[in-house]
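So that the names make sense, note that chain A is the first sequence line, chain B the second, and so on, each numbered from 1. Everything numeric here is computed off the predicted structure, so don't read it as measured data.
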There are 4 protein chains.
Amino acid sequence: MRYGNEEQLHQWLVPLLEGNIRSGFAMTEPQVASSDATNIECSIKRQGDSYIINGRKWWTSGAMDPRCKILIVMGKTNFDAPKHKQQSMILVDINTPGVNIKRPLTVFGFDDAPHGHAEISFENVRVPAKNILLGEGCGFEIAQGRLGPGRLHHCMRLIGAAERGMQMMVLRALSRKAFDKFIAEHGSFLSDVAKCRIELEKTRLLVLEAADQLDQLGNKKARGTIAMAKVAAPNMALKVLDMAMQVHGAAGLSGDTVLAHLWATARTLRIADGPDEVHLGTIAKLELRRARL
Amino acid sequence: MRYGNEEQLHQWLVPLLEGNIRSGFAMTEPQVASSDATNIECSIKRQGDSYIINGRKWWTSGAMDPRCKILIVMGKTNFDAPKHKQQSMILVDINTPGVNIKRPLTVFGFDDAPHGHAEISFENVRVPAKNILLGEGCGFEIAQGRLGPGRLHHCMRLIGAAERGMQMMVLRALSRKAFDKFIAEHGSFLSDVAKCRIELEKTRLLVLEAADQLDQLGNKKARGTIAMAKVAAPNMALKVLDMAMQVHGAAGLSGDTVLAHLWATARTLRIADGPDEVHLGTIAKLELRRARL
Amino acid sequence: MRYGNEEQLHQWLVPLLEGNIRSGFAMTEPQVASSDATNIECSIKRQGDSYIINGRKWWTSGAMDPRCKILIVMGKTNFDAPKHKQQSMILVDINTPGVNIKRPLTVFGFDDAPHGHAEISFENVRVPAKNILLGEGCGFEIAQGRLGPGRLHHCMRLIGAAERGMQMMVLRALSRKAFDKFIAEHGSFLSDVAKCRIELEKTRLLVLEAADQLDQLGNKKARGTIAMAKVAAPNMALKVLDMAMQVHGAAGLSGDTVLAHLWATARTLRIADGPDEVHLGTIAKLELRRARL
Amino acid sequence: MRYGNEEQLHQWLVPLLEGNIRSGFAMTEPQVASSDATNIECSIKRQGDSYIINGRKWWTSGAMDPRCKILIVMGKTNFDAPKHKQQSMILVDINTPGVNIKRPLTVFGFDDAPHGHAEISFENVRVPAKNILLGEGCGFEIAQGRLGPGRLHHCMRLIGAAERGMQMMVLRALSRKAFDKFIAEHGSFLSDVAKCRIELEKTRLLVLEAADQLDQLGNKKARGTIAMAKVAAPNMALKVLDMAMQVHGAAGLSGDTVLAHLWATARTLRIADGPDEVHLGTIAKLELRRARL
């Protein structure tokens, strides 16, 4: 919340850091392709000392948690401004009248309780004007600034999830027999586990490279490599975890191992924080630009 | 239940066909790789006019349903017989003492209630000797006879699931805009949807061919083509449904569309009724045999 | 040459069918993306009782052969006509002044002598007006009519090439040892050979289906399935032949087996008679049209 | 040639470094799977002050070149020694009686003249005993020591080849129109070019990591990562170059661009210096060992 002011920091950031409350980020909307942030329809209208918020959001992760007290809502303060200046972010106390947590959403059957992913409607929700983050029209800029590190953070967790999948599949293969041999003795298992390891190492190095570029060169210059990592990491993790599930047989798909849940989470990350298609577009654009020089 | 006798038919088949009761098939065991049926450890021991059953089964689909009254249990009547003569199938009234429905299993996060997939323990379960199907040592033979048609039945449902995925993704792409164009106008969508259609048509034809061979040549001679269909169909359906989910964005992974559940079901069919690896082995064996002629 | 008239038939078709002469088809041009036939730049201009041809063609297969006597040239008789009425086909005696066979082209390193693929320039080549096929502006229509069957013919040869690759790889694997086992005993070989067989069978069925639709429904209604076969067949053959080469080690890439040449030929068929991208576009268009009904 | 002695160095290494002569390395044999070096059948027998060499080799790259004067031959000095102590390397003047350069081999039709890949027979070739490298039974050890760096060297060239392919495909796509748009404006091109870039960057980082491990940890500890790079680099380059060829249309397969030759060379590197299968085995073995700790 480096974009917040003194007062906002005191009121919300301190209790957040102390672990007393939780927050939720309300950006995605059910009615539009939110991969394109210019599609957002939620309105945030100035009225005297307040803003009035109207809109419908979903996939606000964490908002089902009883400890969730504060929402960061992305909406439009000015529908007529230039395309990337229409959006603003604003803090909304979850108990403000008009905020309706409508239901939890599931991901492949998982409800991820108590955390959860909420659909929320905002009906004439009035919040103090000082709750705006950074200023009107800065929503897109804040999002851009946060998304790079946020995406890398997802990538890192995916590397960990894949590493866990590798470990589990190898241990299973060393302890389980089919057709008179341990799975680890079957030639096609060995070939597949090696391919998984290659994918994992390549992707780990790409994530490290992206993190290094973010540190050294900043968000903007690192965006190509971050986009590559954001595409590569979930796709790699899905492949590794899928093989780990297969080696576990039916147990791998059930709640008896962590694999199916890890897989489902990895699958969301081909969509959340920009679907593959958007990142591929970014990478291609940079490739063409370089060739034109 | 063409393997049952007159009495078995009257007692169980008639109410099943009338829809008054349901059945469950208890073959897979948690402790062993059940893809290799010779691994089965459940014991069915003759004792006077009864059999005593001891073992632990899971993924007995349908057994959570209150209407489920009868189980077909696969176990070993003779651990010393030749490898494929040790197994027998026996009818077990679900209310017999010693039958414990322990818990429902989930597939990804889905519990598939009320149907459900049960883990069941059998502790000194005593059933009349006449409940044996076909005869002692015939378990493997019965399984072989039923698995061909059973697998094809799965394949057919997968073709249907994939077709539904195709339809949903195209309709979504025609109605949803991102970056100022309908998804259906994006070049990579068109290329991917065409690849899905090719995969679907190829697989549909393979399933039809397998069905025709089953009718014309019988289970044994059709087994290679059935194995091919059993590998091809779920893998194709997973690919098509995955793309359909991606086109739907987060909605595609949630309970708001049928896609995630169809995907999860298709994923089980790379394991159930023989994992891909076993069928690939069958196909390879026939390929080598043909070359040796 | 069902599009030719009596005189054309007598002069050229009879010696062709008797095997005394060969023909070449000159359509593709080096300067433009010929996958889009509307790009063609070769001009065929009426001048009294003659046509004057100017242009540059390449990939005229067969034109290097000393027995090649007649060329079918596709060019534009009217650059101002509607897009698909500009093109005409005309017969050109290869010995006409102004026809220069400039050089043979190679495919990978293969020159395919004596057959060969020629680059040809046409400089003020004058041919009798009666040499036009069907009539001015009918070039696109003739091409459309011939391409369906022509593409299927390629697909059929690809099925044969893949089948030969399967056979060769299995025989090699049964006769060659590495690390104390025959290649055919390595688990990953078995898994891969089975996957190749599945791909081959699916594609064979698709090609048969396309041929049946062509017979039953005609070129236009079968075009979707023909497009699918035209994409599926070379991609499948490339995969199978690539594995066959790998199993043969370095021999598989050399001239000591037929594999590398079969592979190179299959690779041309992802481009010749319409690149994959064009056929995928056709398939996608039909898919969207069906959904809109 | 750090394994050579003073005299060997003076006689051969100096002229080699001065560029006056060339060398060839004769290891692979047509009759056996040379991916498993223990299969080698060429014999090197001690006889007084000489060794007598008998055997048949192929893929001795460079041996067709008229400047090639010296061969390093790998054979067995003792067929009864432990498996990895049977092999020795020996220097053979190419003009020694009994050395027959039988023919050049082609790779996808390319003969790579004047360099070339030779098949060579050795019939009772007598060379001085001092020509042995390092000592009898050291052949396997020398090979092991050289293969790590040699493989990485191939990987680096493959990265360069892929980078060139990227450049060429992008420039082509920016300058060529099909269906009224530049190829670079087609959505599926953009998506594919981005995927190629991701693969290229991941693989480049893996090759750099392997080189760093080789420097820091030495050949033996780096062998897992080198094996990964040796599998990843050619497969990545083949994918990128294949797409580059496709974007170039028929020109991409011909001798008019460098792409087909780059592709063919990359394809050999899935076999030369250990086929993919062998390296995957190494990687899997290390993975299992790590899990067992």
Any side-chain heavy-atom pair of A:I198 and D:L280 under 4.5 Å
yes

side-chain contact (heavy atoms from CB on, under 4.5 Å) filter on A:A184, not counting sequence neighbours, yields A:A173, A:L174, A:F189, D:L288

Shortest non-hydrogen contact between A:A284 and D:A194, atoms and distance:
N-CB, 4.0 Å

Donor-acceptor table for chain A and chain D, threshold 3.5 Å:
unit_1: A:R197; atom_1: NE; unit_2: D:E287; atom_2: OE1; d: 2.7
unit_1: A:R197; atom_1: NE; unit_2: D:E287; atom_2: OE2; d: 3.4
unit_1: A:R197; atom_1: NH2; unit_2: D:E287; atom_2: OE2; d: 2.8
unit_1: A:E199; atom_1: OE1; unit_2: D:K202; atom_2: NZ; d: 3.2
unit_1: A:K202; atom_1: NZ; unit_2: D:E199; atom_2: OE1; d: 3.3
unit_1: A:E287; atom_1: OE1; unit_2: D:R197; atom_2: NE; d: 2.7
unit_1: A:E287; atom_1: OE2; unit_2: D:R197; atom_2: NE; d: 3.4
unit_1: A:E287; atom_1: OE2; unit_2: D:R197; atom_2: NH2; d: 2.8

